[in-house]
2 protein chains.
Amino acid sequence: MLTSQRKHLILESLRDNGQIVAKELSLQWEVSEDTIRRDLRELAQEGLLQRVHGGAMPTTTAKLASSPAMVDLKGRQKLAQHSKSKLGQAAAKLIKPGQVVFIDGGTTNAQLVKNLPLSLRATVITHSPTIAVALIEHPEIEVVIIGGKLFKHSAVTVGAAALDAISRIRTDTYFMGVTGVHAEVGLSTGDLEESYIKRALQAVAANTIVLASADKIDTASPYIICQCQQVNMILTDATIGDETINSYKEQKANIKRV
Amino acid sequence: MLTSQRKHLILESLRDNGQIVAKELSLQWEVSEDTIRRDLRELAQEGLLQRVHGGAMPTTTAKLASSPAMVDLKGRQKLAQHSKSKLGQAAAKLIKPGQVVFIDGGTTNAQLVKNLPLSLRATVITHSPTIAVALIEHPEIEVVIIGGKLFKHSAVTVGAAALDAISRIRTDTYFMGVTGVHAEVGLSTGDLEESYIKRALQAVAANTIVLASADKIDTASPYIICQCQQVNMILTDATIGDETINSYKEQKANIKRV
DNA sequence: CAAAATCAAGCAAAGTCGTGCAAATATGTT
DNA sequence: AACATATTTGCACGACTTTGCTTGATTTTG
């Protein structure tokens with residue numbers, strides 16, 4: 001396993017779980033605890049996390065007096081968040097008044113919800129309780145929740161009950177969340193159940209739009225959802241290079257930067 | 001569990017409940033009381049809380065000696081929080097390993113969830129996305145969400161879809177939330193749709209337990225769910241007087257104070 | 001006052017950390 | 001291709017931290 005890849009995954013895990021336990025990761029990835037500790041040391045040096053005995057915590061949660069490293073870090077976080085937020089803003093503009101849309105789980109789609117205007121009148125169907133809670137604030141949006149067994153890693157419902165409920169709806173647009181976008185492999189996700197749900201959702205949607213932040217581009221996860229050209233649009237970061245974009249266009253995928 | 005993680009949770013719990021009881025946290029997190037006491041000692045050293053015999057209090061409460069009126073007000077708020085938390089604790093103890101329970105929406109039931117031990121293995125069915133999100137932290141609890149149209153005022157799903165999903169389940173215990181408890185009127189709530197859902201849930205549950213904080217007692221809301229004696233138990237505040245309790249017992253209602 | 005609960009201090013076991021070192025693997029140069 | 005240089009990784013070692021337990025003091029409660 002590559003060092004940079006590991007560091008990347010550490011930060012991702014920190015975002016997802018709010019904490020890092022060195023021993024857990026060493027077991028999970030079959031490397032020594034020393035290696036994880038070294039990674040944590042270096043990431044802490046860059047101000048990307050806070051080391052604690054046994055692992056690490058996000059710097060935001062850490063209650064430390066402002067250190068010189070903190071300024072640097074906050075700027076960097078803002079930057080990464082900013083491009084995700086841009087993506088969310090662009091996606092939010094695609095929802096027109098009166099439409100019925102399905103919003104998938106995931107942090108990128110959470111950004112979409114954050115950017116929805118409070119006055120928007122629309123119907124949002126979701127299988128993510130997190131998204132549903134975020135939409136309570138919007139008085140004009142009718143929210144419908146797809147029930148089922150809660151898959152905790154992604155915080156969305158899955159299983160037969162969810163599939164059954166999905167089969168009884170039709171939506172204008174489906175905002176699909178993915179963990180991997182790859183020109184040859186296609187769109188992919190980390191859980192088999194989820195991949196079935198995503199295909200079912202695509203089948204009942206007139207349009208499917210994928211929101212993929214830069215870190216998802218040119219990566220693949222275990223379970224393939226469909227090919228890139230099978231969705232109506234892939235929305236990604238402005239930071240992605242021209243040649244990368246072209247590799248997707250060669251596959252006739254409709255990929256757009258914002 | 002990481003030390004720093006635990007300290008953050010202590011401060012969070014202090015904000016939520018207005019007080020810390022060392023023994024309770026040691027039971028809930030399955031660490032020795034010494035460990036909790038050590039954490040409290042160190043947090044007190046940093047001035048983040050005020051140690052008291054048996055646990056800790058927020059520093060703000062202690063500092064308010066200056067304005068007598070404010071002490072009273074803040075103290076009352078803290079007290080109200082504390083008694084709600086007590087109710088949650090008592091209810092949490094009623095859930096036994098392996099059981100299948102339905103947890104209704106509402107702040108009192110949210111307190112129940114906060115007090116569930118992390119190691120509890122059980123199945124929780126809910127129609128509240130808020131409750132579902134709170135349970136993501138619990139690794140051993142299987143969460144099932146009842147889908148439907150989201151009723152925003154209470155943040156629970158309602159409607160035909162929800163009723164249909166409810167008709168297909170059976171639970172050991174239903175923790176019902178209400179907005180009114182009255183000896184003559186019975187149990188009531190503020191929304192018609194919700195009252196139907198609550199009756200349906202009661203019908204599929206072997207036991208129904210009502211959690212009612214002091215402010216609900218002897219009040220009535222527009223939509224009646226059922227009579228007080230039709231549920232297996234009504235759990236309420238220790239602050240309720242004996243004569244009030246007796247007025248319910250005369251109706252053969254099983255009301256208990258904690 | 002006396003029983004019960006809570007507390008602090010000290011101790012030992014287990015867990016975690018940093019440093020130095022050597023083997024394995026990449027990278028660059030001749 | 002052969003060699004030198006740099007990076008990465010796992011291991012060993014001693015130092016440090018955390019934790020639960022014991023003991024005896026202190027506080028609370030009836």
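Sequence lines set the chain letters: A, B, ... in the order given, protein chains first and strands last, and positions in each chain run from 1.
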Protein heavy-atom contacts under 4.0 Å, written 5' to 3' over nucleotides 25-30 of chain D as B (base), S (sugar-phosphate only) or - (none), form the string --SS--

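- A donor and an acceptor atom, one from each side chain of T244(A) and S247(A), are nowhere located under 3.5 Å apart.
- One atom, CD of E30(A), and another, P of dC11(D), lie 13 Å apart when rounded to the nearest Å.
- Taking only side-chain atoms of K23(B), from C-beta outward, the nucleotide of dT8(D), dC17(C), dT6(C) with the closest atom is dT6(C).
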Polar-atom pairs under 3.5 Å, protein N or O versus N or O of nucleotides 18-21 of chain C: list them with distances, or write none.
{"unit_1": "dG18(C)", "atom_1": "OP1", "unit_2": "R51(A)", "atom_2": "NH1", "d": "3.2"}
{"unit_1": "dG18(C)", "atom_1": "OP2", "unit_2": "R51(A)", "atom_2": "NH1", "d": "2.7"}
{"unit_1": "dG18(C)", "atom_1": "OP2", "unit_2": "R51(A)", "atom_2": "NH2", "d": "3.2"}

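- There is no side-chain donor-acceptor pair under 3.5 Å between Y174(B) and N232(B).
- Contact annotation for V21(A): no contact, since no heavy-atom pair falls under 4.0 Å across all strands.
- In this structure, A56(B) and L14(B) approach most closely via the heavy-atom pair O-CD1, 4.0 Å.
- If you check the side chains of Q251(A) and Q227(A), you find no donor sitting under 3.5 Å from an acceptor.
- Between the CG atom of L40(B) and the C1' atom of dT6(C) there is a distance of 12 Å, rounded to whole Å.
- Taking atom CD on Q5(B) and atom P on dT18(D), their separation rounds to 15 Å, with Å as the unit.
- Each end of the helix from dC1(C)-dG30(D) to dT30(C)-dA1(D) gets its own rotation axis from five pairs of C1' atoms, and the angle between them is 40° to the nearest 10 degrees.
- The line from CG of L49(B) to CZ of R51(B) is 8.5 Å long, rounded to the nearest 0.5 Å.
- An OP1 or OP2 oxygen of dT17(D) is reached within less than 4.0 angstrom by no side-chain nitrogen or oxygen of T3(B).
- Separating the NZ atom of K7(B) from the C1' atom of dT19(D) is a distance of 13 Å, rounded to the nearest angstrom.
- Shown here for L112(A) and A91(A), the closest heavy-atom pair between the two residues is CG-CB, 3.8 Å.
- Of all heavy-atom pairs between I225(A) and K198(A), the closest is CD1-CD, 3.4 Å.
- Electrostatic pairing of K249(A) and D242(A) does not count as a salt bridge here, judged by no charged N lying under 4.0 Å from a carboxylate O.
- Note: I10(B) CD1 to D39(B) CG = 4.5 Å, rounded to the nearest 0.5 Å.
- Rounded to whole Å, the distance from CG on L27(A) to P on dT16(C) is 10 Å.
- The side chain of E33(B) approaches dT6(C) more closely than any other nucleotide in the set dT18(D), dG10(D), dT6(C).
- A pairwise comparison of heavy atoms in P129(B) and A155(B) identifies CD-O, 3.4 Å as the closest pair.
- In this structure, CD of E42(B) is placed 11 Å from P of dT17(D), rounded to the nearest angstrom.
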Run the side chain to side chain contact (heavy atoms under 4.5 Å, CB included) check on S4(A) and K7(A) step by step: do they pass? CA-CA 5 Å; S4(A) 57; K7(A) 287 192 185 174; 5.6 Å; no

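- The side chain of T35(A) contributes an N or O atom lying less than 4.0 Å from OP1 or OP2 of dG10(D).
- For the pair E194(A) and V158(A), the tightest heavy-atom approach, listed with the atom from each and the gap, is CG-CG1, 4.2 Å.
- As rounded to whole Å, 14 Å separates atom P of dC11(D) from atom CD1 of I36(A).
- The separation between W29(A) atom CH2 and dG10(D) atom C1' is 18 Å, rounded to whole Å.
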